[in-house]
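For reference, the structure discussed in these notes is given below.
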Amino acid sequence: MGSKKNTVEFEDYFPAMMEKLGTEGFMKELTNGFQLLMDREKKVITFESLKKNSALLGLEGMSDDEIKCMLREGDLDGDGALDEMEFCTLMFRLSPALMNNSKELLEEAISTTF
C-alpha cells in the first residue's frame, strides 16, 4: 500500500503468498499482521493502534482520513475498531484474486482446521 493524493494504492501480493504458504500458512500470516496492528489492551485494531503501527506496513504516509476510511471499510459491526475476523475479511476483500477463489479457499481452510 502506498499513499498518493487522497488515494491508497494496494499492490496485491496475497495470491503469491497463498501459493507459497498454503492456506494455513497464509492465515497465520494474516493473524500475525493483525497482532502487529492491534491495541494490546483492547485486542482490536483501533484508529490509534493503526496510526501508531502503520509504519510497520510501509504506510507511514497515510493521513488520518485515510486511516479512518480503512477502519470504516472493514468495521462490519460498527464499533469503530477491527477485530481479527473483520481484519482478515478486509484483507481478502482488498485482494480481487483471492475473492475470485474464495469458495475454494474457504473449503480448504475448513478442511485443514477440522
Side-chain angles (χ1 to χ4, degrees):
M1 275 187 186
S3 179
K4 286 185 180 178
K5 295 186 181 183
N6 296 332
T7 63
V8 177
E9 293 180 21
F10 178 77
E11 193 161 346
D12 192 1
Y13 293 110
F14 288 165
M17 289 175 64
M18 177 73 79
E19 187 174 317
K20 181 179 179 184
L21 301 171
T23 303
E24 192 173 331
F26 181 72
M27 293 308 292
K28 182 163 177 44
E29 286 302 310
L30 283 180
T31 297
N32 290 342
F34 173 78
Q35 290 175 355
L36 278 173
L37 298 172
M38 76 176 185
D39 178 294
R40 300 283 177 242
E41 291 177 19
K42 297 177 182 176
K43 304 290 189 212
V44 294
I45 297 174
T46 63
F47 170 78
E48 293 79 14
S49 70
L50 186 55
K51 183 174 176 91
K52 176 181 162 191
N53 297 312
S54 62
L56 296 172
L57 299 176
L59 303 174
E60 57 274 347
M62 286 183 69
S63 71
D64 286 359
D65 286 340
E66 290 170 326
I67 293 170
K68 289 174 186 173
C69 182
M70 182 182 283
L71 284 172
R72 276 193 308 273
E73 180 73 24
D75 183 14
L76 301 175
D77 61 10
D79 66 355
L82 301 180
D83 62 27
E84 189 171 351
M85 183 58 70
E86 289 172 324
F87 174 76
C88 290
T89 301
L90 177 61
M91 294 298 100
F92 268 82
R93 286 176 48 210
L94 289 174
S95 176
L98 288 183
M99 286 301 292
N100 289 339
N101 297 323
S102 61
K103 182 179 180 196
E104 293 85 11
L105 296 171
L106 179 60
E107 289 170 356
E108 185 179 337
I110 290 171
S111 70
T112 59
T113 305
F114 298 104

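Since this is a predicted model, take the numbers as computed values, not measurements.
- Applying the salt bridge (Lys or Arg N to Asp or Glu O under 4.0 Å) test to Lys51 and every residue at least two apart in sequence or in another chain returns Asp64.
- To the nearest 0.5 Å, atom CG of residue Leu90 and atom CG of residue Leu30 are 10.5 Å apart.
- Contact record, Glu66 with Met62: OE1-CA, 3.2 Å, taken as the closest heavy-atom pair.
- The backbone N or O of Ser49 sits less than 3.5 Å from a side-chain atom of Asn53, completing a donor-acceptor pair.
- Glu48 is linked by a salt bridge (Lys or Arg N to Asp or Glu O under 4.0 Å) to nothing, counting only residues two or more places apart in sequence or in another chain.
- Shown here are the side-chain hydrogen bond (donor to acceptor under 3.5 Å, both in side chains) partners of Ser54, two or more places apart in sequence or in another chain: there are none.
- For the pair Met91 and Cys88, the minimum side-chain heavy-atom distance is 4.5 Å or more.
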Name each donor-acceptor pair under 3.5 Å that joins a side chain in residues 78-87 to protein atoms two or more places apart or in another chain, with its distance.
from, atom 1, to, atom 2, distance (Å)
Asp79, OD1, Ala81, N, 3.0
Asp83, OD1, Met85, N, 3.1
Asp83, OD1, Glu86, N, 2.8
Glu84, OE2, Thr31, OG1, 2.9
Glu86, OE1, Asp83, N, 2.9
Glu86, OE2, Leu76, N, 2.9
Glu86, OE2, Asp77, N, 3.0

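- Note on residues 33-42: no pairs pass salt bridge (charged side-chain N to carboxylate O under 4.0 Å, His left out), not counting sequence neighbours.
- For Lys68, the side-chain hydrogen bond (donor to acceptor under 3.5 Å, both in side chains) test picks out no residue, with sequence neighbours left out.
- Here Ile67 contributes atom CD1 and Leu50 contributes atom CG; the two are 5.0 Å apart, rounded to the nearest 0.5 Å.
- Atom CZ of Arg72 is separated from atom CZ of Phe47 by 10.5 Å, given to the nearest 0.5 angstrom.
- No side-chain heavy atom of Met38 sits less than 4.5 Å from a side-chain heavy atom of Val44.
- Contacts of Asp65 classified as side-chain hydrogen bond (donor to acceptor under 3.5 Å, both in side chains), with partners at least two apart in sequence or in another chain: none.
- Remark: Glu73 pairs with Arg93 by the side-chain hydrogen bond (donor to acceptor under 3.5 Å, both in side chains) rule, at least two apart or across chains.
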